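Working notes for the structure below.
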Amino acid sequence: MAEVELKNVIKSFMGGKITALQDINLKIPNGMFTSILGPSGCGKTTLLRLVAGLEKPDAGEVLIRDSVVNDVSPRERNIAMVFQNYALYPHKRVFENMAIGLRLRGYPEHDIKKKVVGVARMLKIEDFMERYPKQLSGGQQQRVALGRALVREPEVFLLDEPLSNLDAQVREVTRTELKRLFKDLQATVIYVTHDQTEAMMMSDFVVVMNHGTVKQTGEPISIYNDPDHRFVAEFLGTHRINLLHGRIEQAKFISDDGFIVFDTKIKTQGNVLAGIRPEHILLSTHKEIPLKGISVLIETIGSTHLVSVRVGENEFKILTAETPNLQKQIMASFSLHDVYFFDDQSGRRLRPDFF
Ligand SMILES: Nc1ncnc2c1ncn2[C@@H]1O[C@H](COP(=O)(O)OP(=O)(O)OP(=O)(O)O)[C@@H](O)[C@H]1O
Ligand SMILES: [Mg+2]
């Protein structure tokens with residue numbers, strides 16, 4: 001299975017008025033499940049279409065297994081793409097929808113049948129082979145679209161938000177099935193999603209994008225634990241990170257309202273944002289930096305609660321299994337180790353320096 005690489009890729013639309021991708025440099029690892037994660041309009045589909053050969057870059061190179069493929073047609077790239085809307089042929093039965101790629105490539109009938117039946121069995125759609133797409137549920141159609149890609153045995157699978165039309169429950173089951181399936185195949189998968197949970201749960205490798213640029217790449221857990229940019233810290237995580245405006249003076253953090261002051265190991269002076277995840281603040285005084293405030297809102301999520309605590313002019317969200325009362329004094333704490341500092345202007349992570 002091939003590795004995909006983008007070198008200095010630029011892509012714009014409307015005669016340069018819209019820049020969809022700005023100077024992308026990216027290596028997609030071989031045989032792994034990679035998610036392209038980012039908000040709507042950040043360039044995810046454009047990136048996928050460039051890899052598929054459905055769009056040409058304005059500048060830069062797309063490589064598959066170390067070969068530049070800029071001038072190679074989509075059909076010759078040995079890549080299969082599953083589109084968000086499935087793009088099934090409404091007048092063809094399921095079997096023909098799945099077989100079409102093999103037919104176009106001139107496979108003998110016997111081989112086509114064998115492959116399609118094998119994949120249909122794996123995806124548990126073998127009973128639907130004589131139906132038309134409109135006679136299937138969304139989840140079943142999604143599996144047919146996936147099956148059409150799988151029978152081709154491509155070098156790279158490109159999937160553009162393939163689960164977005166499914167309801168929450170089917171989505172969760174399908175997510176697990178897909179992860180297992182691609183793991184077994186050891187396939188190189190590029191999976192586009194704007195859903196951070198999906199990217200975190202399914203991927204070996206995540207590419208976080210914003211405004212046509214790559215913000216960070218890496219294993220899901222390392223991106224979550226060690227964000228390079230404010231955007232990444234805010235985008236990842238089930239509950240949004242608390243961001244506190246303030247400044248650093250002589251390695252001390254001072255919040256804008258002056259209520260929260262603590263020592264840091266940051267030497268840079270100036271305006272910063274301090275980021276602390278709701279799950280890293282405890283409703284106890286066990287950690288070194290105290291937070292004293294009033295509970296102003298409690299949102300219950302099954303067995304846990306998200307408690308909003310007002311401290312001076314700031315509001316923190318704290319994730320806890322306890323059930324605190326509203327409008328009560330709260331003693332909470334966090335440790336310096338769990339605080340990320342970001343430059344107020346650029347959003348870049350400021351790291352402690354030990355000179
Ligand atoms: N054919 C096109 N013509 C003009 N502008 C386009 C075209 N395709 C994409 N764009 C623009 O390029 C940018 C990136 O679009 P793209 O479809 O890659 O985003 P996306 O990350 O896939 O978003 P979504 O999550 O909403 O699908 C957007 O601003 C979009 O409006
Ligand atoms: Mg898209």
Side-chain angles (χ1 to χ4, degrees), residues 4-28 33-62 64 69-70 73-74 77 79-88 138 141-142 145-146 148-149 156-168 171 174-175 178 188-203 205-218 220 223 227 229-238 240 347:
V4 175
E5 189 174 351
L6 280 80
K7 283 188 186 167
N8 306 109
V9 166
I10 296 174
K11 177 69 188 175
S12 59
F13 294 107
M14 321 262 290
K17 276 202 250 81
I18 299 169
T19 306
L21 298 174
Q22 323 180 20
D23 200 22
I24 301 280
N25 284 289
L26 187 61
K27 274 189 184 180
I28 305 286
F33 195 115
T34 295
S35 286
I36 311 285
L37 173 67
S40 185
C42 73
K44 305 180 297 293
T45 297
T46 306
L47 191 150
L48 218 55
R49 289 174 59 83
L50 280 166
V51 175
L54 300 169
E55 301 279 0
K56 269 189 181 301
D58 302 343
E61 291 177 334
V62 178
I64 298 173
V69 294
N70 285 32
S73 74
R77 287 192 189 192
I79 269 178
M81 184 152 170
V82 179
F83 297 90
Q84 179 174 346
N85 57 6
Y86 316 139
L88 297 175
Q141 289 183 38
Q142 190 267 335
L146 193 66
R148 181 167 61 186
V156 183
F157 288 92
L158 305 178
L159 294 96
D160 194 354
E161 310 236 13
L163 309 186
S164 57
N165 291 345
L166 308 181
D167 69 53
R171 202 179 160 122
T174 316
R175 194 151 73 192
L178 277 187
T188 302
V189 181
I190 310 181
Y191 185 96
V192 159
T193 179
H194 61 265
D195 181 341
Q196 64 88 28
T197 314
E198 208 163 277
M200 292 287 282
M201 286 180 67
M202 296 178 84
S203 329
F205 192 75
V206 179
V207 175
V208 185
M209 288 184 66
N210 196 24
H211 296 315
T213 60
V214 172
K215 289 289 178 204
Q216 193 169 356
T217 61
I223 294 188
H229 198 277
R230 169 205 172 153
F231 172 80
V232 177
E234 280 190 281
F235 204 75
L236 266 73
T238 312
R240 185 172 278 259

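Atoms considered below: every heavy atom in the structure, side chains included; atoms not considered: hydrogens, waters and symmetry mates. Source: prediction; values computed, not measured. Atoms within a ligand are numbered from 1 in the order they appear, just like the ligands themselves.
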H194 and E161: side chain donor to acceptor below 3.5 Å
yes

Within the stated cut-off of 2.8 Å, is an N/O/S atom of S40 closer than that to the Mg ion (ligand 2)?
no

Among protein heavy atoms, which sits nearest to atom 25 (O) of ligand 1, and what does the distance come to when rounded to 0.1 Å?
K44 NZ, 2.8 Å

Within the structure provided, determine whether L47 and L6 are in side-chain contact (heavy-atom separation under 4.5 Å).
yes

For T45, atoms of ligand 1 separated by under 4.0 Å from a heavy atom
17 (O), 18 (O), 20 (P), 22 (O), 27 (O)

Please check if the distance between the ring centroids of F33 and Y191 is under 6.0 Å.
yes

Taking the non-hydrogen atoms of G38, is any one of them nearer than 4.0 angstrom to ligand 1?
no

Nearest non-hydrogen protein atom, atom 23 (O) of ligand 1
G41 N, 2.7 Å

So, the side chain of T213 versus the backbone of N210: is there a donor-acceptor pair under 3.5 Å, distance only?
yes

Evaluating non-hydrogen atoms only, which member of I18, T46, T19, L21 is closest to atom 18 (O) of ligand 1?
T46

Considering only non-hydrogen protein atoms, determine which one is nearest to atom 26 (O) of ligand 1 and report residue, atom name and distance to 0.1 Å.
S40 OG, 2.5 Å

Side chain E198, main chain L163, donor-acceptor under 3.5 Å:
no

Could you check whether any side-chain heavy atom of V82 comes within less than 4.5 Å of a side-chain heavy atom of L158, counting everything from C-beta outward?
no

My question is simple, although I want it checked carefully: is atom 30 (C) of ligand 1 less than 4.0 angstrom from any protein heavy atom?
no

Between D23 and K7, is the closest basic N to carboxylate O distance under 4.0 Å?
no

Test side chain to side chain contact (heavy atoms under 4.5 Å, CB included) applied to L21 and V214, T46, D58, the passing residue
T46

Of all protein heavy atoms, the one nearest atom 12 (O) of ligand 1 is A20 CB, 3.5 Å

Which atoms of ligand 1 are found less than 4.0 Å from any heavy atom of E161?
25 (O)

To check your reading of the model: name the closest protein heavy atom to atom 6 (C) of ligand 1, its residue, and the distance in Å.
F13 CD1, 3.2 Å

